[in-house]
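Values below: all heavy atoms of this structure, side chains included; hydrogens, waters and symmetry mates excluded. Sequential numbering from 1 along the given sequence is applied to the chain's residues.
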Amino acid sequence: MGRDTIADIITSIRNADMNKKRTVRIASTNITENIVRILLREGFIENVRKHREDNKHFLVSTLRHRRNRKGTYRNILKRISRPGLRIYSNYQRIPRVLGGMGIVILSTSRGIMTDREARLKRIGGEILCYIW
């Protein structure tokens, strides 16, 4: 049985956020690097660096925290398509999370991208997760 790397990323970030950890260590693959790059670009995480231990590569990402309070942002990450049930959508039916305030991460034929980019390029794909 294979591992669901996307669910591992989401669970790691969610658990670190709930426990008020500043950094998260994620196994580095092409999919995880693309998803973390989207999270960095959209402002859900502050910083990412690549780390190597015993011929294994990891992404160490720094979560974004509130400036005035000690608490975290409480990012909500929800896995949609999973290995047992794949969810696909064309570009016209890509859901809007919180009326466009959140983002949908899609896996398309042109790579992993957000819902806004997919609508602009007029391509659909597999809905990986919601983030708001």
>> If I compare all heavy atoms of Arg79 with all of Ala7, which pair ends up nearest, and what's the gap?
In response: NE-N, 3.9 Å

>> For a quick test of reading the model, state the closest non-hydrogen atom pair linking Arg52 to Asn55 and the distance between them.
In response: NH2-OD1, 2.5 Å

Applying a strict under-4.5 Å side-chain criterion to I, L, V, M, F, W and Y, I'd like to know whether [X] and [Y] cluster together.
X: Leu40; Y: Ile103; answer: yes
X: Ile31; Y: Val48; answer: yes
X: Ile76; Y: Val97; answer: yes
X: Phe44; Y: Met113; answer: no
X: Tyr88; Y: Leu106; answer: no

For the residue pair [X] and [Y], establish whether any side-chain heavy-atom pair is separated by less than 4.5 Å.
X: Thr23; Y: Leu63; value: no
X: Lys21; Y: Val24; value: no
X: Arg116; Y: Lys121; value: no
X: Arg119; Y: Asp115; value: yes
X: Leu39; Y: Ile13; value: yes
X: Thr11; Y: Ile9; value: no
X: Ile127; Y: Pro95; value: yes
X: Lys78; Y: Cys129; value: no

> Do Arg22 and Glu46 sit within salt-bridge range, that is, some charged N less than 4.0 Å from a carboxylate O?
Replying inline: yes

> With the threshold set at 4.0 Å, does a side-chain nitrogen-carboxylate oxygen contact exist between Asp4 and Arg82?
Replying inline: no

With rounding to the nearest 0.5 angstrom, report the [atom1] to [atom2] distance, [X] to [Y].
X: Phe58; Y: Thr32; atom1: CZ; atom2: OG1; answer: 11.0 Å
X: Ile123; Y: Ser89; atom1: CD1; atom2: OG; answer: 12.0 Å
X: Ile45; Y: Arg37; atom1: CD1; atom2: CZ; answer: 11.0 Å
X: His51; Y: Arg25; atom1: NE2; atom2: CZ; answer: 6.5 Å
X: Asn47; Y: Arg64; atom1: CG; atom2: CZ; answer: 10.0 Å
X: Ile26; Y: Leu59; atom1: CD1; atom2: CG; answer: 6.5 Å

> Checking side chain to side chain contact (heavy atoms under 4.5 Å, CB included) for the pair Met101/Arg96: CA distance, chi angles, key distance, verdict?
Replying inline: CA-CA 8 Å; Met101 295 294 289; Arg96 294 185 190 272; over 6 Å; no

>> For a side chain to side chain contact (heavy atoms under 4.5 Å, CB included) check, start with the C-alpha distance between Ile38 and Arg41, then their side-chain angles and the critical distance, and finish with the verdict.
In response: CA-CA 5 Å; Ile38 288 174; Arg41 188 176 62 224; 3.6 Å; yes

> Is it true that the side chains of Glu42 and Thr114 contain a donor and an acceptor less than 3.5 Å apart?
Replying inline: no

> Does a donor on one side chain sit under 3.5 Å from an acceptor on the other, for Glu126 and Ser81?
Replying inline: yes

> Taking everything shown except Arg86 itself, do over 12 heavy atoms lie less than 6.0 Å from its CZ?
Replying inline: yes

